[in-house]
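A quick write-up on the structure given underneath.
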Amino acid sequence: MNCHYQDVTCLTFTDDSSHFLSGAKDSLVMVWNIYSVLQVEASRVPEPRHMWSHHSLPITDLQCGIGGPQSRAVTSSLDQTVKLWDISSGDILLSVLFDVRIMSVALDPAEYHIFCGGSDGSIFQVDLLAWTVHRERTFNQEQEKVFKGHRNQVTCLSVSLDGSMLVSGSHDETVCVWDIQSKQCLRTVPHRGPVTNAFIISAPANMLRAESKPSFPLPRFSKHLQGAEGCEGPESGGIILRLGRNQQGLEGTYLQRAEQLHTLLGESEGKNLSGLVEQLRSRTSELEEELNMVRKINKDLFDFSASIITKQ
């Protein structure tokens, strides 16, 4: 897909993976339906669902909210603006002008606020519920929340799932953890170079427990998924993924697919065990041959020595 005129600077998916957004140095933001992209013929060029051209300088960051194709998206640009969009209709909902270039943006899970990282190291909090119906506004640093602590441009932002903490990374080689309510920096993590990305994810409860073990052990995997010969046949046991028009037949239910996976894993484990037994048998035969050869050499040496001694 060569729809952008210049380098692509950022990509993001909607939460249901049905669409993805791309931003580039050509100041364009495009919304793509991933199904349409996969279904398009090789001779045709896929077309985006929406093309947003309201920014006048390169796009620096973009983020999607919750709701799949009905969600909202926020974009930032070197033109010192942050814009909020409706993915379903493609309309612009809000445009905020700042005094500095905006390098990164993030939405809180409830989508009440937009956090904007500036080129001067400041982080601006835009309250979406406080704005009036005017689509174009100017951010007022005296009346709105500003997080100050970084000494260089803020390259990445991420909000915790409960909306209480904010993580920011900067070219000043630090990552800061902020309390959103008080705007206080709770912790600073130093790095040895500019921070390019930082993201908060939910970790499993037993992730840090040493005694935790997987409940379903997997068999030892082969080096190759399919053999060099006979990989096209159904008996090869290979997994074939078909997308779009190449998909054949109807998929089974979740339980049917789980049972097929369990059967496949069982067969793989059996094949691995039988292969191991054959290797052991072959190795045993080789060792027996070497032992017989050593015994023969030992007997020949004994006979030769005995014959020399008896002659004397």
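Please read these numbers as outputs of a predicted model, since none were measured by experiment.
- The two residues Pro69 and Arg49 have their closest heavy-atom pair at CB-NH1, 4.1 Å.
- Counting heavy atoms from C-beta outward, Phe139 and Glu144 have side chains that approach closer than 4.5 Å.
- When Leu78, Thr60, Leu57 are each tested for a side chain to side chain contact (heavy atoms under 4.5 Å, CB included) with Arg101, only one passes: Leu78.
- Results of the side chain to side chain contact (heavy atoms under 4.5 Å, CB included) test with His55 over Ser76, Ser77, Ser95 single out Ser77 as the only residue that passes.
- Under the 6.0 Å cut-off for aromatic ring centres, His54 and Trp85 qualify, their centroids lying closer than that.
- Using modelled atom types, one side-chain atom of Ser170 and one backbone atom of Gln153 make a donor-acceptor pair closer than 3.5 Å.
- Counting heavy atoms of neighbouring residues, nucleotides and ligands inside a 6.0 Å radius, atom NZ of Lys25 does not exceed 12 of them.
- Ring geometry, His50 versus Trp52: the interplanar angle falls under 30°, so the pair is classed parallel (tilted spans 30 to 60°).
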Could you go through Val74 and Val82, starting from their C-alpha distance and side-chain angles, then the distance that decides it, and tell me whether this counts as side chain to side chain contact (heavy atoms under 4.5 Å, CB included)? CA-CA 7 Å; Val74 58; Val82 168; 3.4 Å; yes
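- For residues 166-175, the set of pairs meeting the salt bridge (charged side-chain N to carboxylate O under 4.0 Å, His left out) definition, not counting sequence neighbours, is empty.
- Using modelled atom types and a 3.5 Å distance limit, the side chains of His171 and Thr155 yield no donor-acceptor pair.
- With hydrogens and angles disregarded, no donor-acceptor distance shorter than 3.5 Å links the side chain of Asn298 to the backbone of Val294.
- Between Leu128 and Leu84 there is a side-chain heavy-atom pair separated by less than 4.5 Å.
- A donor and an acceptor atom, one from each side chain of Ser27 and Ser56, are nowhere located under 3.5 Å apart.
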